[in-house]
Structures are given as structure tokens and as C-alpha cells.
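The first residue in the sequence is number 1, and the count goes up from there.
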Amino acid sequence: PAFGLFIFTIARDPLRIIILIAGAFFWLVSLLLSSLIWFIAVKASDPQDERLQKGLLIFGVMFSVLLQEAFRFLYYKLLRKAIEGLVALSEDGCSPISIQQMAYVAGVGFGLMSGAFSMINLLADALGPGTVGIHGDSQLYFLTSAFMTMVLIFLHTFWGILFFHGCEHRRWWEIAAVVIMHLTVSGLSFCNPLYVGSLLPSYLLMAAAAAWAYLLSGGSAQNLRRFLLCKC
């Protein structure tokens, strides 16, 4: 369902595709930089010290989240300049795409690239060696990983809307809320293999972020009710 966001809302618009690909590239660069710093830290530390290695892993995850949000901010700045250029070039003085639409497409770009990397890691684990759960571990690893990938794609989409809205209206607490939610969801992954401890709170945060993004985008309870009832 998450990858259907691209097919049904973006694929037919060339400008949206460009914005999505650029957003995916920004996320990819943030991952590359955070991975490089984590790799250097691991190589410079004692590999036999398990406590230190676990601390470095936590540091790497938290640093990666902060770097992703920093690149989201840089991407917002870039798109803001792009809108000014589009307005200057247009004959009617209007941009062909609004900042709200850009926020959505950029969020989908971040989410799809994040989901693609999650799926690559999942498929790499599926190649073996061994069988999941053979030593008494949970056999729900692949299923829960798929659900977690989906929730992250949706969350990045909603976070993009919230983050851009906060930047646009200088509501820094909205930006801080996105960063805190991102850190929380990433930190919940350390609850595994207690998958309920990570999946359930993540889906609750996704529902809250979805409702918040919907309201900030101009949605209302009446419009939602009319949509669910298939009324024009």
C-alpha cells in the first residue's frame, strides 16, 4: 500500500517525479554520511567491548535521524528557492505546484527510499544462512519487518508535511515534534525482538501524525466523512 502512493498520486506528473527523486537523493546522502561516521567510529573503537559497540549503534541511529531531518530542512530551502524561480518564469505569476504538494511529494521521496533500503536489508537476511526462529527466536521477523517498513514510509510522508508546514509558518515546535517522533520510532527498534513493543507505538504515532498532517493540509472531519461515504 505504501508504494501505491507513488503510482496513484505522483507518477502522472513529471514535476512531482523530479521532486520525489530529489527527495530520495537527499535521504540517500544523509544515510551515506551517517553510515560513514558510524563506520569510522566502530573501526576506531575496541570491537571486543560489547557495551561500547552497543552504545555506538545507538549513537549511529540517533545521529542518522538528526542528519535526515537536517537534510529535510536543506531540501525545504531548496524547494522554496525553486518555487520562487517557477513563479518568476510563469506567465500568470503562479507556481504550478504548491508548497503543500511539494511537502507531500518530498515526504514520499524520503519514505520510499527509506523503505527500499529496509526491503533490501530484509531480502539480504532472507537469503540465509539458516532459518528464522530455529534457535527459539521469533518467526515473525519478516512479517514485522514488512509492517515496520510500511509504517516508516507513511511516517516520512506525514513528517514531510508537518516539517514543511513548521518551516513555512516558523512554528519551530512542529519541527521539534517531527524530530522527537522520528527519534522515538527509531529508538523503539531497540525493543526488538519484542515486536509488539515497537510496532504498536509506531502505528499509534503514525495515526497521530496522519491526523495532524490531514488537519494542517486543510482537511476537516466533514470532508473525511464525505470521502468515506463516497459523496461528492
Side-chain angles (χ1 to χ4, degrees), residues 1-11 13 16-35 60-79 97 99-122 144-168 171 174-189 198-217 219:
F3 289 97
L5 292 174
F6 169 77
I7 297 174
F8 294 111
T9 63
I10 298 173
D13 190 326
R16 293 185 182 185
I17 293 176
I18 293 172
I19 295 172
L20 181 139
I21 293 174
F25 175 76
F26 268 71
W27 186 91
L28 191 60
V29 173
S30 71
L31 178 67
L32 176 63
L33 291 177
S34 59
S35 299
V61 171
M62 299 299 112
F63 181 78
S64 177
V65 168
L66 295 177
L67 199 58
Q68 287 177 47
E69 297 306 328
F71 269 79
R72 199 192 302 271
F73 179 75
L74 292 176
Y75 192 42
Y76 162 78
K77 287 292 188 180
L78 179 64
L79 290 179
I97 185 170
I99 190 65
Q100 291 87 357
Q101 292 172 333
M102 282 187 171
Y104 166 76
V105 177
V108 174
F110 270 61
L112 287 181
M113 184 56 68
S114 173
F117 263 79
S118 297
M119 291 301 297
I120 290 173
N121 292 331
L122 185 62
T144 54
S145 296
F147 276 103
M148 197 64 189
T149 298
M150 184 178 69
V151 76
L152 280 175
I153 295 174
F154 281 124
L155 277 172
H156 270 294
T157 303
F158 303 141
W159 288 338
I161 297 172
L162 298 175
F163 194 97
F164 277 43
H165 186 272
C167 292
E168 192 72 8
R171 295 181 180 179
E174 291 182 350
I175 299 175
V178 170
V179 175
I180 291 172
M181 282 191 289
H182 199 167
L183 287 170
T184 301
V185 172
S186 298
L188 286 171
S189 62
S198 60
L199 277 178
L200 184 59
S202 297
Y203 271 83
L204 291 176
L205 279 175
M206 184 190 72
W212 192 1
Y214 175 73
L215 293 174
L216 290 183
S217 300

If you compare all heavy atoms of Ile17 against all heavy atoms of Ile10, which two are closest, and at what distance to 0.1 Å?
CG1-O, 3.7 Å
Per the ring-ring contact (aromatic ring centres under 6.0 Å, His included) rule, which among Phe163, Phe26, Trp27 passes with Tyr75?
Phe26
When every non-hydrogen atom of Cys167 is compared with those of Ile175, the smallest separation belongs to SG-CD1, 3.5 Å
Return the set of residues passing side-chain hydrogen bond (donor to acceptor under 3.5 Å, both in side chains) with Tyr104 (not counting sequence neighbours), or none when no residue passes.
Thr9
Ser202 side, atom OG; Leu152 side, atom CG - distance, nearest 0.5 Å
7.0 Å
Side-chain touch Phe110/Ile153, heavy atoms, less than 4.5 angstrom:
no
Of all heavy-atom pairs linking Pro201 and Leu188, the shortest is CB-CD1, 3.5 Å
Rounded to the nearest 0.5 Å, the CE atom of Met113 sits from the OG atom of Ser30 at a distance of 10.5 Å
Taken in chain and number order and not counting sequence neighbours, the residues that satisfy ring pair (Phe, Tyr, Trp, His ring centres under 6.0 Å) with Phe63 are Phe59
Indicate yes or no: at least one non-hydrogen side-chain atom of Ile161 is less than 4.5 angstrom from one of Tyr214.
no
Measure from the side-chain N and O atoms of Tyr76 to the backbone N and O of Gly160, and report whether any donor-acceptor pair falls under 3.5 Å.
no
Assess whether atom CZ of Phe147 is packed by more than 12 heavy atoms of other residues, nucleotides or ligands within 6.0 Å.
no
Taking C-beta and beyond as the side chain, do Met148 and Ser118 meet within less than 4.5 Å on heavy atoms?
no
Look at the rings of Phe154 and Phe158 and say which category their plane angle falls in: under 30° parallel, 30 to 60° tilted, over 60° perpendicular.
parallel
Derivation of the side chain to side chain contact (heavy atoms under 4.5 Å, CB included) call for Ser64 and Gln68
CA-CA 6 Å; Ser64 177; Gln68 287 177 47; 3.2 Å; yes
Going from CG on Leu204 to CG on Leu199, what distance comes out if it is rounded to the nearest 0.5 angstrom?
10.5 Å
Step by step, work out the side chain to side chain contact (heavy atoms under 4.5 Å, CB included) result for Glu174 and Leu162.
CA-CA 7 Å; Glu174 291 182 350; Leu162 298 175; 5.6 Å; no
Are Glu168 and Gln100 packed together at the side-chain level, in the sense that at least one heavy-atom pair is separated by less than 4.5 angstrom?
no
Donor-acceptor contact present, side-chain Ser189 to main-chain Ser186, <3.5 Å:
yes
Report yes if some heavy atom in the side chain of Leu155 is under 4.5 Å from a heavy atom in the side chain of Met181; otherwise report no.
no
Just so I know, are the side chains of Leu79 and Phe164 near enough to count as touching, which here means a heavy-atom distance under 4.5 Å?
yes
Distance col, row Asp13:CG vs Ile97:CD1, nearest 0.5 angstrom, shows 6.5 Å
Shortest non-hydrogen pair, Ser217 vs Ala213, comes out as OG-O, 2.8 Å
From the list Ile180, Leu200, Val185, side chain to side chain contact (heavy atoms under 4.5 Å, CB included) with Leu205 holds only for Val185
Return the CE to OG distance between Met119 and Ser145, rounded to the nearest 0.5 Å.
9.0 Å
